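FYI, side chains are in, hydrogens and waters are out, and symmetry mates aren't considered; it's all heavy atoms of this structure. Remember, predicted model here, so these are calculated numbers, not experimental data.
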Amino acid sequence: MFVVILVLAVLVYSASVERRVRRYRSNTAASRHLVTVELERRYIQLEPFIAAIDLSGLDPEVVRQLVGARSWSKAVRDRGLGLAAQAAAENALSAAVHAVLSESDTHQKLKSNWAFQGPARDLETTEKRIAGAVRVYNDNAYKLSMLRSSFTTKFMATALKVADPEPFVEHVAVASDEHPEDVPA
């Protein structure tokens with residue numbers, strides 16, 4: 001009788017772990033797709049934003065950095081260089097967008113220019129959506145990774161061939177006597 005109860009408990013637990021693995025895999029894939037959609041939305045919104053910047057009289061160096069960061073981001077995505085490289089490129093693009101938005105705050109004539117303010121507000125909203133999507137993806141990837149490393153679920157995750165998901169973070173190299181840190185995208 002004890003053996004039957006033990007076998008049933010193991011089967012119920014195994015089914016529970018399998019459901020969690022499937023749910024976490026699905027959530028991770030869906031959240032990664034959401035990150036991709038939001039990044040593509042930003043890339044599309046950059047076209048009218050850059051066109052409005054060209055006519056605004058902002059510092060040409062800031063504009064050049066934005067255009068260069070956009071090109072780098074697109075090249076990394078097109079070549080599929082991995083999430084760490086993509087996170088680095090997207091962080092650079094976000095920094096360039098924020099630099100332009102900060103620069104525009106100092107120009108009084110741009111505050112009343114709807115041709116600039118409309119795309120700028122759209123980009124600000126998209127930047128927030130990207131940050132949220134990346135946070136959700138990283139949380140889901142962490143949960144899936146924990147299934148692979150937890151003692152109680154490790155064997156079931158191995159049997160289900162759970163791959164360790166790559167987080168959407170930029171890996172920053174530091175001095176050899178320090179440990180590298182992860183910087184969220």
Polar side-chain atom of [X] near backbone of [Y] as donor-acceptor pair, under 3.5 Å:
| X | Y | result |
| --- | --- | --- |
| Ser26 | Arg22 | no |
| Ser150 | Leu147 | no |
| Ser102 | His98 | yes |
| Ser14 | Val10 | yes |
| Ser73 | Ala69 | no |

Could you walk me through whether Asn140 and Leu144 pass side-chain contact (heavy atoms from CB on, under 4.5 Å), step by step? CA-CA 6 Å; Asn140 286 321; Leu144 192 56; over 6 Å; no

Dump the intermediate steps for side-chain contact (heavy atoms from CB on, under 4.5 Å) on Val97 and Leu46, then the final yes or no. CA-CA 9 Å; Val97 167; Leu46 280 170; 4.0 Å; yes

Would Val134 and Ile130 count as a side-chain contact (heavy atoms from CB on, under 4.5 Å) here? Give the steps. CA-CA 6 Å; Val134 166; Ile130 290 169; 4.2 Å; yes

For Arg25, I'd like to know if atom CZ has over 12 heavy atoms of other residues, nucleotides or ligands within 6.0 Å. yes

For Tyr142, I'd like to know if atom OH has over 12 heavy atoms of other residues, nucleotides or ligands within 6.0 Å. no

Are Arg70 and Glu47 within salt-bridge range, i.e. N to O under 4.0 Å? yes

Answer yes when Lys143 and Asp139 have at least one side-chain N-carboxylate O distance shorter than 4.0 Å, and no when they do not.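 Looking at Asp139 together with Lys143, the answer is no, because their closest N to O distance does not fall below 4.0 Å.
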
side-chain contact (heavy atoms from CB on, under 4.5 Å) between Trp72 and Leu93: does it pass, once the steps are laid out? CA-CA 8 Å; Trp72 180 36; Leu93 182 54; over 6 Å; no

With clusters defined by side-chain heavy atoms of hydrophobic residues (ILVMFWY) lying less than 4.5 Å apart, directly or transitively, does Val76 cluster with Leu83?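 Per the 4.5 Å side-chain linkage, Leu83 and Val76 are not co-clustered.
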
Determine, using the 4.5 Å side-chain heavy-atom cutoff (strictly less than), whether Leu39 and Leu34 are members of one ILVMFWY cluster. no

How long is the gap from CG on Asn138 to OG on Ser145, to the nearest 0.5 Å? 11.0 Å

Point-to-point distance, once rounded to the nearest 0.5 Å, from CZ of Phe49 to CG of Leu101: 4.5 Å

Of all the heavy-atom pairs spanning Ala96 and Leu66, show the shortest one and how long it is.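 Here Ala96 and Leu66 meet closest at CB-CA, 3.7 Å.
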
Give me the atom names and distance for the closest heavy-atom approach of Glu166 to Tyr137. O-OH, 2.6 Å

Inter- and intrachain pairs under salt bridge (Lys or Arg N to Asp or Glu O under 4.0 Å), touching residues 34-45, at least two apart: Glu38-Arg41, Glu38-Arg129, Glu40-Arg77, Arg42-Glu90, Arg42-Glu127

List the atom pairs, with distances to 0.1 Å, where a side-chain N or O of residues 115-125 and a protein N or O form a donor-acceptor pair under 3.5 Å, not counting sequence neighbours.
| residue | atom | partner | partner atom | Å |
| --- | --- | --- | --- | --- |
| Gln117 | NE2 | Leu110 | O | 2.9 |
| Thr125 | OG1 | Arg121 | O | 3.1 |

